Amino acid sequence: MSYVSERQHRRLAANVAGSFYVNSACIDCDTCRQLAPDVFREAGGYSAVAKQPGSDSERRQALQALLSCPTNAIVCEEKSGTAEVMEDFPLRLDEGLYYCGFTSPKSYGGSSYLLLRPDGNWLIDAPRYVPHLVRRFEQMGGVGTIFLTHRDDVADAQLYAERFGAKRIIHALERSAQPEAEHFIEGVADVQWDADTKIIVVPGHTRGSMVLLYRSRYLFTGDHLAWDRERGMLTAFDDFCWYSWEEQGKSMERLAAETFEWVLPGHGKRVHLTADAMNRAMRRLVEEMRSGA
Ligand code: SF4
């Protein structure tokens, strides 16, 4: 938890005065700006408090950000309310779909998700291993499968797998990140895992990046695809493409043929559109990647 004890890091000058602030431990992962967009702003390679929380809901969101920050860079000098806000996690996004919070520095603050399923819950990428989430996952039926989109976002997947006896799925080319995983996907062909679940291999960001499509509605995208809130369109990260931008463009073209309504990334903003609007957004992104814009 991020309280006054973390003051060995300096308070950033970009913060407005008040009890909430960001310190120099910030790694600019964007988690706080997504959870509390009215409070936190980007400020030259860091986040900073642009406005102290003014309402109960803003304070709650700011505390959610504090709990989810991977580096304990968010400080609140008034401790009240944090234990209650912890109970919000995992945060409900949709029926049976949750954002885990408690991001890990091992995944640079990557987002992870819990998907409730009648045949056993799935964790998509992994959060920090924290007792609160273990308890809540237990209450919600445990974790049967952990789908790992790529090597960067595994965080504490092994600890969750051991705790719940969960099966981990990762691409064979990402094996070094989770050598004891129970199932390795080979090659580049799509895998229809079951009637509801399709695994799509999308080389680009890394050689073995994969996305998970559930019921033609939820697409868990790792670092392949996200929403750009400034431009109001889907995006891919050419600055953080570790394998091949050309291959990522080809993977995006194949993905544009799929139907989905939600993009649930590891990094970058989540988005929910109608299937038609999502299809248009995908085609716009493909065109932009083709043109090199
Ligand atoms: S969540 Fe923490 S590390 Fe990430 S941008 Fe905010 S303050 Fe920085």
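Each ligand, and each atom within it, is numbered from 1 in the order the structure gives. These numbers come from a predicted model, not from an experiment.
For ligand 1, the atoms sitting less than 4.0 Å from at least one non-hydrogen atom of T71 are 3 (S), numbered in the order shown with element in parentheses. Atoms of ligand 1 lying under 4.0 Å from any heavy atom of D30, numbered from 1 in the order shown and given with element: 4 (Fe), 5 (S). Listed by atom number, the atoms of ligand 1 under 4.0 Å from T31 heavy atoms are 1 (S). Under a 4.0 Å criterion applied to the non-hydrogen atoms of V22, ligand 1 contributes the atoms 7 (S).
Taking 2.8 Å as the threshold, C69 does not count as a candidate ligand of atom 6 (Fe) of ligand 1, since none of its N, O or S atoms lies below it.
Taking the charged nitrogens against the carboxylate oxygens, R284 and E288 have no contact shorter than 4.0 Å, which rules out a salt bridge. Using a 4.0 Å cut-off between charged nitrogen and carboxylate oxygen, K269 and D228 do not count as a salt-bridge pair.
Given atom 3 (S) of ligand 1, the protein heavy atom at minimum distance is I27 N, 3.4 Å. Considering only non-hydrogen protein atoms, atom 6 (Fe) of ligand 1 sits nearest to C32 SG, 2.4 Å. Looking from atom 8 (Fe) of ligand 1 to the surrounding protein, the closest heavy atom is C26 SG, 2.3 Å.
Ring planes of W193 and W122: perpendicular class, angle over 60° (limits at 30 and 60°).
Annotation: D194, atom CG; neighbour count of heavy atoms from other residues, nucleotides and ligands within 6.0 Å is above 12.
Inspection of the S47 and E42 side chains reveals no N or O donor paired with an N or O acceptor under 3.5 Å. A donor atom on one side chain and an acceptor atom on the other are not found under 3.5 Å apart for R151 and S209.
A single hydrophobic cluster is not seen to contain both L12 and I27; linkage of ILVMFWY side chains at heavy-atom distances under 4.5 Å, directly or through other members, places them apart.
Of all the listed residues (S47, C29, P70), C29 holds the heavy atom that lies closest to atom 4 (Fe) of ligand 1.
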